[in-house]
Amino acid sequence: MTRPARAIIDPQAASHNLQLARRHAPGARVMAVIKADAYGHGIARMARLFDAADAFAVASLEEAVALREGGSSKPIVLLEGPFEAAEIATIVGLGLEVVVHTFEQIEMLRAARCRLPVWLKFDTGMHRLGFAPQRFAEIVAAARACAAPLRFMTHFANAHRRGDPSVAAQQLCFERMLGDTAGERSLANSGALLARPAAHADWVRPGLMLYGVSPLDDEPAAALGLRPVMTLRSRLIAVRRVAAGEAVGYGGAFVCPEEMPVGVVAYGYADGYPRHARTGTPVLVGGVRTQVIGNCSMDMMTVDLRPVPAAAFGDPVTLWGAGLPVEDVARASGTIPYELLCRVRMRAHYSEGAP
Ligand SMILES: *Cc1c(COP(=O)(O)O)cnc(C)c1O
């Protein structure tokens, strides 16, 4: 038997989620965000499964090169733009679009004497990337020399909270700044795509929801009609009985309150499971929901088999995905689903199909 840890990617769930995004934003084009190796799902695979998107968005030139080498001829947007002037020849050669958020980048483009599609990014309140709206006229004038066409973008800080007033405030700031300036506009990530139709504009930029994970706090993916694309599976490689008062695993973080069955799963932090997942983090054994116990180790973890007394060597275990939302695992381990997904390190052990 080969080591049974697997990431199973469900192609039908991927196209279902993309269609759902389109149904929510029928007037907008969809830029599928596939940065961070498509949120841990594999960028080449997800570019193929999201072939119905209108464009792709990535965070680095390396990712864009990989997409072009894989045969993608779609528009590709570099979400952070060029990092250095040396990238510009390749960017132009591959016909990429760039986000431009600093004067240094405008200078790089002007010095290269090129013209390419530019998304000017404005900081309407998140205070991460973007030009100050107060300098709009000056920036547009500087960018015109190297941008064709010129488009406009901003990003929300709190779109994951339905009805958060800062989202409306950021949108208003963006619209006031632009006035009737010509050029396509993009504001919405997954949260705003689902919860703020007024912000759809010309292009939506969904990431997380395309992978079937809820972008909205306290709203389960299933209730939003999303289907998880990634299911992490492994098996029990040992079933033990441990006496009352005995501690399990490194550091003895879990002490058995009674004599109890304990399962050992071939999955660990080297596969991307969160090392800081505490006792109580949900896991499915043979479809039954139970809990992680003790500290996760590099290639293994231990689970409470009391709710599944018939569990045996070889039984299937789901770490997250179909039947167990990654949102639940993230909450129990003090992080967000984005981080869990993009840390999955299973490159040699992905397969495609229904989970
Ligand atoms: C990552 C990213 C997105 C996608 O965000 P989700 O919350 O995953 O939908 C959209 N826009 C920008 C600029 C991003 O960096």
Side-chain angles (χ1 to χ4, degrees), residues 14 17-18 20-22 24-25 28-41 43 46-47 50 53-61 63-64 75-83 96-102 105 118-131 151-162 164 166-167 170-171 174 184-197 199-217 219 221 224 226 228-230 325-327 330 335-344:
N17 298 331
L18 179 55
L20 191 93
R22 281 212 186 277
H24 275 271
R29 274 167 288 167
V30 175
M31 187 189 293
V33 180
I34 53 174
K35 64 193 181 197
D37 202 26
Y39 293 45
H41 293 61
I43 190 168
M46 296 318 293
F50 293 145
D54 300 296
F56 293 130
V58 296
S60 72
L61 183 55
E63 291 168 315
I76 300 174
V77 180
L78 295 178
L79 288 172
E80 289 151 38
F83 299 97
L96 306 178
E97 303 181 5
V98 291
V99 169
V100 165
H101 57 85
T102 66
Q105 290 175 318
V118 167
W119 290 90
L120 279 184
K121 184 164 186 175
F122 287 90
D123 174 13
T124 56
M126 181 167 176
H127 305 317
R128 189 179 58 179
L129 289 185
F131 295 105
R151 302 181 176 122
F152 303 97
M153 176 185 284
T154 194
H155 193 55
F156 293 124
N158 295 303
H160 55 287
R161 297 193 202 113
R162 194 186 280 273
D164 190 288
S166 75
V167 178
Q170 284 195 257
Q171 185 184 342
F174 190 63
E184 291 172 2
R185 305 168 184 202
S186 177
L187 304 87
N189 59 358
S190 298
L193 191 161
L194 290 173
R196 192 164 175 84
H200 288 166
D202 300 297
W203 287 86
V204 289
R205 309 190 304 271
L208 193 67
M209 69 172 289
L210 298 180
Y211 306 97
V213 177
S214 175
L216 297 172
D217 284 359
E219 296 187 44
L224 296 165
L226 297 168
V229 173
M230 177 196 289
V326 66
E327 294 91 314
T335 185
I336 54 174
Y338 296 85
E339 188 190 12
L340 294 188
L341 293 176
C342 70
R343 284 176 12 154
V344 170

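Keep in mind the model is a prediction, meaning the values are calculated, not measured. In listed order, ligands and their atoms are each counted from 1. All residue numbers refer to positions in the sequence shown, counting from 1. Note that these values count all heavy atoms, side chains included, but never hydrogens, waters or copies made by symmetry.
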Should Arg196 and Asp164 count as an ion pair when the cut-off is N to O under 4.0 Å? no
Is any side-chain heavy atom of Met230 less than 4.5 Å from a side-chain heavy atom of Tyr211? no
Using a 4.0 Å cutoff against the non-hydrogen atoms of Pro206, which atoms of ligand 1 qualify? 9 (O)
Does some non-hydrogen atom of Gly191 fall short of 4.0 Å from ligand 1? no
Quick one: does ligand 1 sit under 4.0 Å from the side chain of Ser190, the backbone, both or neither, non-hydrogen atoms only? both
Residue portion contacting ligand 1 (non-hydrogen atoms closer than 4.0 Å) for His160: neither
With atoms numbered from 1 as shown, which atoms in ligand 1 lie under 4.0 angstrom from a non-hydrogen atom of Tyr39? 1 (C), 4 (C), 5 (O), 6 (P), 8 (O)
Is the backbone of Gly207 close enough, under 3.5 Å, to the side chain of Ser190 for a donor and an acceptor to pair up by distance? yes
Are the side chain of Glu327 and the backbone of Pro337 linked by a donor-acceptor contact shorter than 3.5 Å? no
Is it true that a side-chain atom of His101 and a backbone atom of Phe131 form a donor plus acceptor pair closer than 3.5 Å? no
Of all the non-hydrogen atoms in the protein, which one sits nearest to atom 12 (C) of ligand 1, and at what distance? His155 CE1, 3.4 Å
Assign the ring pair Tyr39 / Tyr338 to parallel, tilted or perpendicular, where the plane angle (0 to 90°) is split at 30° and 60°. tilted
For Leu208, atoms of ligand 1 separated by under 4.0 Å from a heavy atom: 6 (P), 8 (O), 9 (O)
Specify side chain, backbone, both or neither for Arg205, according to which of its non-hydrogen atoms lie closer than 4.0 Å to ligand 1. both
Would you check whether Leu79 has a nitrogen or oxygen atom less than 3.5 angstrom from a nitrogen or oxygen atom of ligand 1? no
Starting from atom 2 (C) of ligand 1, locate the nearest protein heavy atom and write down its residue, its atom name and how far away it is, to 0.1 Å. Lys35 NZ, 2.6 Å
Leu208 CG to Leu226 CG distance, which is reported to the nearest 0.5 Å: 8.5 Å
Checking Arg205 side chain against Ser186 main chain: does a donor-acceptor pair fall under 3.5 Å? yes
To the nearest 0.1 Å, how far is atom 7 (O) of ligand 1 from its closest protein heavy atom, and which atom is that? Tyr338 OH, 2.6 Å
